[in-house]
2 protein chains.
Amino acid sequence: MAARISTKDKILNAAEALFAEHGFEQTSLRQITADANVNLASVNYHFGSKKALIQAVIARYSSLFMPALDAKLKQLQSHPQISTREVFDCFREPLRELVHINKRGPAIYLSLLGYAYAEIQGHLRRFTMQEYGDVILRLVTLLHAANPQLTAEDVFWRLHFVLGATVFAQVSSQALQEIAKADFNSDVSAEDIIDKLIPFIAGGLDAPHENEI
Amino acid sequence: MAARISTKDKILNAAEALFAEHGFEQTSLRQITADANVNLASVNYHFGSKKALIQAVIARYSSLFMPALDAKLKQLQSHPQISTREVFDCFREPLRELVHINKRGPAIYLSLLGYAYAEIQGHLRRFTMQEYGDVILRLVTLLHAANPQLTAEDVFWRLHFVLGATVFAQVSSQALQEIAKADFNSDVSAEDIIDKLIPFIAGGLDAPHENEI
DNA sequence: GTCTATAGGCAGATAGAC
DNA sequence: GTCTATCTGCCTATAGAC
């Protein structure tokens, strides 16, 4: 009953798993094509270059995630009162929807974002900003509305701390899950990590400004 | 008046700057030796291998930072009441002391930790745990004492979120500093980032547990 | 200790047969 | 569309002259 998957999709599926685990530069086309059971040359035939493959992998997720997030944020924008917690809760469902691309889609997407940020300085970040800049802007606006006591710059920095905590948690999630299992005998899924993360980042964002303590 | 620096130290200095900016695997011995103005073969003569060079770079910082942090934590341990904020404030001075290794030492060390975590899965992490496991344990104990309402597992996870926010902020600090300059016309030093970070991570760690909201 | 020269391996990309 | 074979370039590491 194995579905007949096109070579192009086989490559995308193998690539995203390897990219999420080892990063973009650390993953070779030889590994990808071996895992996908396709010929080495087919990557360049279907995508043109490794760089284009990376963008295709990310775009498959972003094109699903970003519009869904934007819709949630728009909805929240009409509320009279907005809390930080409500803003971050907007991420839950769009993130969960990514299982339709891959069972581990939510974790994969966050890992990809992390590596994109750390590795390809500027390149993919600029791409995202151009393509989805309005979503980011809406997000910052909402967070500022939820925290009028902070300056716009505070919100900017804290949003990046949030991003850091999130992608780091996902990139090192496998190791952390194993340690948690060994030390606390607890099985923690990728979604459980999100549940643990959201109170943390909401608490961090709501914290008073340095000078006010 | 240019100090006469040994070849070994020239390599260490060039290596740590490149490692902190691009990561370990992305930095070649050719780049390092070119920046250091030494011969390519001298790395293997002085350090034996690239892996050993990486460890030497990290060890130079950890051997200064970890004992200093441990002393601060020990001091705090005798207090009757401990707040999360006090625990994180223990990091400030040991971190600042790293300027004695390099002017940008604090930022470099945090970047190195970030790449060590993301790239060399297990290897350097195990090394750190073996060498400085007692410091980590003291840290977790203090944070748990400051937050008795949390489970030990909550503290474990939140400590890693903290680590993520911190190293991510440093790894992408250059890009973020440029954006902050462009958008808010504000010059933010590496130390300023720490000032912005500490209220955030303290607020996140003190947040109530998910089920208590 | 420092150099040149090179070994040996893996990377991305492509030409051209089928 | 898919394959084999190969080009070109970069990497770490080392042998051996000085």
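This is a predicted model, so every value here is computed, not measured. In what follows, chains carry the letters A, B, and so on, assigned in the order in which the sequence lines appear, proteins first and then strands, with residues in each chain numbered from 1.
A sub-4.0 Å separation between OP1 or OP2 of C/dT4 and a side-chain N or O of B/Asn39 is present. Between A/Ser42 and the phosphate of D/dC3, there is no side-chain N or O to OP1/OP2 separation shorter than 4.0 Å.
Checked against ring pair (Phe, Tyr, Trp, His ring centres under 6.0 Å), A/Tyr109 has the following partners two or more places apart in sequence or in another chain: A/Tyr61, A/Phe65. For A/Asp206, the side chain to side chain contact (heavy atoms under 4.5 Å, CB included) criterion is met by A/Thr84, A/Asn147, not counting sequence neighbours. Taking A/Phe47 as the reference, nothing meets the ring pair (Phe, Tyr, Trp, His ring centres under 6.0 Å) condition, with sequence neighbours excluded. A/Phe156 is linked by a ring pair (Phe, Tyr, Trp, His ring centres under 6.0 Å) to A/His160, B/Phe184, counting only residues two or more places apart in sequence or in another chain.
Atom P of nucleotide D/dT14 and atom NE2 of B/His46 are separated by 15 Å, given to the nearest angstrom. Whole-Å rounding puts the B/Arg4 CZ to C/dG1 P distance at 13 Å. Taking atom CD1 of B/Ile54 as the reference point, atom C1' of D/dA13 lies 15 Å away to the nearest angstrom. Rounded to whole Å, atom P of D/dT2 lies 13 Å from atom CG of A/Asn37.
Side chain to side chain, A/Arg60 and A/Asn102 fail the donor-acceptor criterion of an N or O pair below 3.5 Å.
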I need a per-nucleotide contact map over nucleotides 11-18 of chain C, read 5' to 3'. Cutoff is protein heavy atoms under 4.0 Å; write B for the base, S for backbone only, - otherwise. BBBB----

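Residues in residues 179-196 of chain A take part in these side chain to side chain donor-acceptor pair (under 3.5 Å) pairs, two or more places apart or across chains: A/Arg92-A/Asp195, A/Arg96-A/Glu191, A/Lys181-A/Asp187, A/Ser186-B/Glu153, A/Ser189-A/Asp192.
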